[in-house]
2 protein chains.
Amino acid sequence: MTKLENIIKGAEQHCRRKGTRLTLKRQLILRCLLLRKKPTSAYGIKTYLKENYGEEMPATSIYRILSFLQENLLVHKLQAHNKFIACAHIVCKHDHGTPQFLICQKCETVKEIDSNSALIEELQRDIRRSKFQLISPQLEMLCICNDCQTETATKSI
Amino acid sequence: MTKLENIIKGAEQHCRRKGTRLTLKRQLILRCLLLRKKPTSAYGIKTYLKENYGEEMPATSIYRILSFLQENLLVHKLQAHNKFIACAHIVCKHDHGTPQFLICQKCETVKEIDSNSALIEELQRDIRRSKFQLISPQLEMLCICNDCQTETATKSI
DNA sequence: AATAATTATGAAACATTGTATCATTGAAAT
DNA sequence: ATTTCAATGATACAATGTTTCATAATTATT
């Protein structure tokens, strides 16, 4: 079984456990995001579906399905560019505490890292101290990735 | 001198030091954000200008001016909702390391907090370890503020 | 199995956010 | 005074997201 199919199967199980359904359309959109790897906008998915599956899906449905996938922790929305990306931890026991995304501003590569959980806990303490309660823990950090760094360095010589 | 005028004066000095100019239009938009206090969209500013100053400003100009204010560290853009807010530290020696915003999802109140800088440094180390380089350090955390929490708690009784 | 109830998706129209391009105005500099 | 550069205006458009109402598919109930 391919890795992709394995992830899809994992996602199905995950939904079943939560009492929700990973319908074919939802599966299709998850597939897109898994294949694309890079963050993709809702309309980007629309185009991708059209070009690769001949499937015309209305924007409303795509947004709805993306919401479903987010609620079921299968997809993250990157606020920084209004784009979506498949969760990197669908088939591992990794918990979904506070995902942290490093986003390259040049090539849009995204790396989901796992900082020291003590660090995250301290951040949480700071938040509680300010009388706020974290509801959607997610950190996005706008970066330049190593490849793009060396690229520009070379160019400027 | 009012606090507002004091901040505007501070912003002017700040620009002068950087060799940029806080023109009247730029000042006007900064004023809006300082008065509104809550995060405001570009078009929200447009409406505000119209209603409160009778000033019709094209969207392009507003976006341009917001970019200017961001570059000059007078305004932050909150990625989470595509809205803008005046920097809380225009007239203090506070440095602009890594601003951290707690954003209430109900009432949109924003609190700019200052976590322990050791914490931020560790986050930076994690990033470097992943071979990324932070370029626009800013953390946005989606929360519920204390007021909205107690409000819903009361309602549910 | 037939029907009702619920959940999921489609379609159309629209609202909001953001940008590209080119023209115009205003300020600063020689 | 004229040139130059910086700042703003105007128009058109692209991209993102939502509202509303209709239809289809699934599940539950009899």
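Proteins get letters first, then strands, A, B, ... in listed order; numbering begins at 1 in each.
- Contact check, Lys83(A) against dT16(D): no side-chain N or O comes under 4.0 Å of OP1 or OP2.
- Rounded to an integer number of Å, the gap from CZ of Arg16(B) to P of dA28(C) is 12 Å.
- Here the P atom of nucleotide dG18(C) and the CD atom of Gln79(A) are 13 Å apart, to the nearest Å.
- Per the geometry, CE belonging to Met57(B) stands 16 Å off C1' belonging to dT24(C), to the nearest Å.
- Remark on DNA chain C: of its neighbouring residues Ala59(A) and Ile65(A), the 5'-side contact belongs to Ile65(A), judged by nearest-heavy-atom nucleotide.
- Phosphate proximity of dT26(D) to Lys25(A): absent, as no side-chain N or O sits under 4.0 Å from OP1 or OP2.
- The separation between Leu66(A) atom CG and dT16(D) atom P is 12 Å, rounded to whole Å.
- Counting non-hydrogen atoms under 4.0 angstrom, Arg64(A) reaches a base of the nucleic acid.
- Note: NZ (Lys77(A)) to C1' (dG17(D)) measures 8 Å, nearest angstrom.
- Between Leu78(B) atom CG and dG18(C) atom P the separation is 12 Å, expressed in whole Å.
- Side-chain contact, Gln27(A) with Glu12(A): a donor N or O sits under 3.5 Å from an acceptor N or O.
- Not one side-chain nitrogen or oxygen of Thr23(B) sits closer than 4.0 Å to the OP1 or OP2 atom of dA7(D).
- Side chains of His14(B) and Thr20(B) form no contact here, defined as non-hydrogen atoms less than 4.5 Å apart.
- Using a 4.0 Å heavy-atom criterion, one finds that Lys46(A) contacts no nucleic acid atom at all.
- Using bins of under 30°, 30° to 60° and over 60° for the plane-to-plane angle, the ring pair Tyr63(A)/Phe84(A) lands in the perpendicular bin.
- In this structure, Lys37(B) contributes its side chain and Ile85(B) its backbone to no donor-acceptor pair below 3.5 Å.
- In this structure, Ile45(A) places its CD1 atom 16 Å from P of dA15(D), rounding to the nearest Å.
- Each of Ser61(A) and His81(B) was matched to the nucleotide of DNA chain C holding its nearest heavy atom; the match closer to the 5' end belongs to Ser61(A).
- In this structure, Phe101(A) has its ring center under 6.0 Å from that of His76(A).
- Residue Pro58(B) has its side chain nearest to dG9(D) when only dT8(D), dG9(D), dT9(C) are considered.
- In this structure, Tyr63(A) forms no aromatic stack with the base of dT18(D), since the conditions of centre separation below 5.5 Å and plane angle below 30° are not both met.
- In this entry the distance linking CD1 of Ile62(A) with C1' of dA8(C) reads 15 Å, nearest Å.
- Residue Asn82(B) places at least one side-chain N or O closer than 4.0 Å to OP1 or OP2 of dG18(C).
- Phosphate proximity of dG9(D) to Thr60(B): absent, as no side-chain N or O sits under 4.0 Å from OP1 or OP2.
- Checked against dG17(D), dT9(C), dT8(D), the side chain of Arg26(A) finds its nearest nucleotide in dT9(C).
- Rounding to the nearest 0.5 Å gives a distance of 12.0 Å between CG of Leu78(B) and OG of Ser41(B).
- Put simply, Arg21(B) has no side-chain N or O that comes within less than 4.0 Å of OP1 or OP2 on dG26(C).
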